[in-house]
S.K.: 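Before we start, here is the structure in question, set down as structure tokens.
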Amino acid sequence: MFRLSKLLAAAVAGLLVSGLAPVAHAEQTGRTEQIEQTGQAEQTGQPQYAPTMLVLDGSGSMKQADPGSGTKMDAAKNALRRFIGSAPVQAQVGLTVYGTRTGSSDAEKAAGCQDVQVLTPPRTVDKPALTAAVDGIRPSGYTPIGTALRTAAGALPSTGPRAIVLVSDGEDTCAPPDPCEVAKELTVQGTQLVVHTVGFDVDERSRRQLTCIAQVTGGTYNDAPDGKTLERILPRVSATALRTYEPAGTPITGTPAWTNAPVAEPGQHLDTLGRHETRYYALDVPEGGTAHFSGTVSFPRVPGVSSTQDFNTLQLRVYGEGGKDCHIFQSEQATMSSDGVALTVARTVDSTDGTCRGGGRYYFALTWDRVSTGVPERLPVEVLALVEPPVTDPGPKAVLPPVTLAEPSVTRDTTGGGSFNVAATLPGSGRYTDTLQRGEYVFYRVKLDWGQGLAYRVHFGQAGGNGVDNVSNIATSLYDPYRAEIGSDTTVFTGTPHTLPTGKDAIATVPVRYRNRDGDNSSVRAEAVAGWYYIAVKLGATVQAGDDVPVPVTLDVTVGGQREDGPSYAGAARTPVPSAPALTAIAGGSTTWPIWVGVGVVVAVVLAGVVILLARRRV
């Protein structure tokens, strides 16, 4: 089993789309919040992408001929245009170029080695302007890669995760500064920056330099021996850069004791968590209500960590009024943390059951317990806490059989997101194709109404490799709207086609019903609320140099079951299944449905690289 992470925005949006929406009278829930999705979307509802700078080699060697593309520069421009055309409208993308304003003579070297231009800053993508900037590039000069990295990094925002995608057809011809040393320098300064590099028809020495730049920042190196390959690879690498983990939320500061824990307001919040530290957060729960709480930490990629020292544990404890121990404890463990993994711990608390009963103030304690080698002293943490009002009629009690995976009738392309908050939406049953880089952990989401369930399977395609020298973990996991894990599967990938889960059955849910929370196992209990369900897919990093190639991935998804009315909450009629137009309006952020939200505490974990899956153990 394994685990992963990220953002409340999507979870809140999922609940708004779910049957929890039209609920709540103040006299029965103790607290009613009218949430305008329009306003909330500005804070948390829209996908967040890592600001990304494209850095293109404009040196004289890019004038060389390329079979099938004209020149190397022609091929690079074609690849950039393809990416620009497919970039998400919310993405922030800039363009830097070097080597275009001087020649390559010895007399011009001093000027040529300073020849770096930011053609467009990293802002919300203006596709016509960015395309025009690409069209105007004329190669001619030197290759100051180290200076270009510094310039590109300086043009990106000063905080948060950022990414650079560097395309070069050779090594730096201007060092110092040495490009790999610049990459280390940026990392030492604490820059949350990942650099992905593409070697365009490069020799071995250039390949080593570009690989070093990528590795020290947690990025990936890709080899493009010709223009046609570059046109295939560059859009995918750029999309990967945008998938860099992006935290978001209103700042909140947990406390070392329950006595002064902050009571979070509805929404999403950011905090940090230190090694072996415990932080408390308070949540008001109405009489008869149910609290859902989760915490997420994402770990940076750290090279050279021994497998025996590569574990992290996130723990969750719950306390009631006056700090009474509710004897509710959850622990989740991440293995291979140095790959850059996300770890989530989640728990549902029913105020009518257990040691702590009744309405009132509950306290949730998050602890970063076991700590792996090489991780920072503190990391951002994401906490999600929401409350359901009491129910007067929970609806059908039967737990139906799981959904059966059916042969897909349609095939669509998709690009998974780097976290929960930017998970790619899969609009129902079908076959979805994506391409993953080595070391990526990506997310997809599927909307389930009351009465609906899903089944899915993941197929990893041919990627070459050298047998056991190329061993890497592949994994998939399914999460409910509160990020509790429903099911997972993991195995080894050697470059030959492989399918998860490894058995004959797909990972599947039963139809979503309120009374599933009374089921006999934890998986069924996590299938008790309508909303967004998340599929995570991991492709581990290869250990064999030269095998770091993209891998085609296919997801077969079936959404089954019949939509039905949801439960009746106190003070509200039974929650109906919204019509298709209503669902569209809600997801788009224009609805005014009221929702009773207890607390949205979110602590976000920044990961400057590709988020990867991790091993999970429930204690």
S.K.: Can you confirm if the aromatic rings of F443 and Y534 lie within a centre distance of less than 6.0 Å?
M.R.: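 Aromatic pair excluded; centres sit 6.0 Å or further apart.
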
S.K.: Tell me if a side-chain donor or acceptor on T217 pairs with a main-chain N or O of V195 at a distance below 3.5 Å.
M.R.: yes

S.K.: State the CG-OG1 distance between D126 and T131, to the nearest 0.5 angstrom.
M.R.: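 Rounded to the nearest 0.5 Å, the CG-OG1 separation comes to 8.5 Å.
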
S.K.: Could you tell me the separation between the CD atom of E185 and the CG atom of L149, rounded to the nearest 0.5 Å?
M.R.: 10.0 Å

S.K.: Which residues satisfy the salt bridge (Lys or Arg N to Asp or Glu O under 4.0 Å) test with E171, sequence neighbours excluded?
M.R.: R205

S.K.: Report the distance from atom CG of L478 to atom CG of L454, rounding to the nearest 0.5 Å.
M.R.: 5.5 Å

S.K.: Enter the distance from T558:OG1 to E407:CD here, rounded to the nearest 0.5 Å.
M.R.: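 With rounding to 0.5 Å, OG1 (T558) is 9.0 Å from CD (E407).
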
S.K.: Spell out, as yes or no, whether a donor-acceptor pair under 3.5 Å connects the side chain of S140 to the backbone of T102.
M.R.: yes

S.K.: Quick one, V198 and H196 - any side-chain contact, counting heavy atoms below 4.5 Å?
M.R.: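 The answer is no; the side chains never approach within 4.5 Å.
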
S.K.: Quick one: list whatever passes side-chain hydrogen bond (donor to acceptor under 3.5 Å, both in side chains) with T100, sequence neighbours left out.
M.R.: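 T100: side-chain hydrogen bond (donor to acceptor under 3.5 Å, both in side chains) contacts with Q117.
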
S.K.: Find the distance between CG (D434) and OH (Y444) and round it off to the nearest 0.5 Å.
M.R.: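 It comes to 3.5 Å.
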
S.K.: Could I get the full list of salt bridge (Lys or Arg N to Asp or Glu O under 4.0 Å) partners for E108, not counting sequence neighbours?
M.R.: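 Result, salt bridge (Lys or Arg N to Asp or Glu O under 4.0 Å) vs E108: none returned.
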
S.K.: Give a yes or no answer on whether the side chain of T476 reaches the backbone of A536 with a donor-acceptor pair at less than 3.5 Å.
M.R.: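 Confirmed, T476 side chain pairs with A536 backbone.
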
S.K.: Using salt bridge (Lys or Arg N to Asp or Glu O under 4.0 Å) as the criterion, list what pairs up with D413, not counting sequence neighbours.
M.R.: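 Listed in chain order: nothing, the list is empty.
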
S.K.: Please work out whether the ring planes of F460 and F493 are parallel, tilted or perpendicular, with thresholds of 30° and 60°.
M.R.: tilted

S.K.: Is the side chain of T272 donor-acceptor paired with the backbone N or O of R378 at a distance under 3.5 Å, no angle test?
M.R.: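 The answer is no, because no donor-acceptor pair under 3.5 Å joins these two groups.
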
S.K.: May I ask you to test the D178-Q209 pair for a side-chain heavy-atom distance under 4.5 Å?
M.R.: yes

S.K.: Return yes if a side-chain donor-acceptor contact under 3.5 Å exists between Y98 and S168, otherwise no.
M.R.: yes

S.K.: Not counting sequence neighbours, which residues clear salt bridge (Lys or Arg N to Asp or Glu O under 4.0 Å) with D115? List them please.
M.R.: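 So D115 forms a salt bridge (Lys or Arg N to Asp or Glu O under 4.0 Å) with R101.
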
S.K.: In sequence, state the C-alpha distance, the side-chain angles, and the governing distance for V165 and L234, and then conclude on side-chain contact (heavy atoms from CB on, under 4.5 Å).
M.R.: CA-CA 9 Å; V165 177; L234 183 57; 3.8 Å; yes

S.K.: Restricting to side-chain contact (heavy atoms from CB on, under 4.5 Å), what partner residues turn up for P427, sequence neighbours left out?
M.R.: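 Counting only residues at least two positions away or on another chain, P427 forms a side-chain contact (heavy atoms from CB on, under 4.5 Å) with R412, Y432.
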
S.K.: Kindly say whether A50 contributes a backbone atom to a donor-acceptor pair with the side chain of Q92 at under 3.5 angstrom?
M.R.: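 Side chain of Q92 to backbone of A50: no pair is present.
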
S.K.: Go through the steps to decide whether D223 and V202 satisfy the test side-chain contact (heavy atoms from CB on, under 4.5 Å), and finish with yes or no.
M.R.: CA-CA 8 Å; D223 207 46; V202 296; 3.9 Å; yes

S.K.: Among all residues two or more places apart in sequence or in another chain, which pass the side-chain contact (heavy atoms from CB on, under 4.5 Å) test with T211?
M.R.: R207, Q215, Y221

S.K.: Filter on disulfide bond (SG atoms under 2.5 Å apart), then keep only pairs touching residues 148-188, sequence neighbours left out; what's left?
M.R.: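 The answer is C113-C174, C180-C212.
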
S.K.: Would a distance-only check, ignoring hydrogens and angles, find a side-chain to backbone donor-acceptor pair under 3.5 Å from R162 to P157?
M.R.: yes

S.K.: Just verifying a value: how many Å separate L166 CG and T197 OG1, rounded to the nearest 0.5 Å?
M.R.: 6.5 Å

S.K.: According to salt bridge (Lys or Arg N to Asp or Glu O under 4.0 Å), does anything in residues 57-75 pair up with another residue at least two apart or in another chain? List the pairs.
M.R.: K72-D169, K72-D201

S.K.: If you look only at pairs with a residue in residues 75-84, which of them pass as a salt bridge (Lys or Arg N to Asp or Glu O under 4.0 Å), with sequence neighbours excluded?
M.R.: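 Residue pairs with at least one partner in residues 75-84: R81-D135.
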
S.K.: What residues form a side-chain contact (heavy atoms from CB on, under 4.5 Å) with S409, not counting sequence neighbours?
M.R.: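 Partners of S409 by the side-chain contact (heavy atoms from CB on, under 4.5 Å) criterion come out as none, since no residue qualifies.
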
S.K.: Between the main-chain N or O of G487 and the side-chain N or O of S477, is there a donor-acceptor pair closer than 3.5 Å?
M.R.: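 Looks like yes, one N/O pair under 3.5 Å.
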
S.K.: Return the set of residues passing side-chain contact (heavy atoms from CB on, under 4.5 Å) with A455 (not counting sequence neighbours), or none when no residue passes.
M.R.: V403, L405, A506, A508

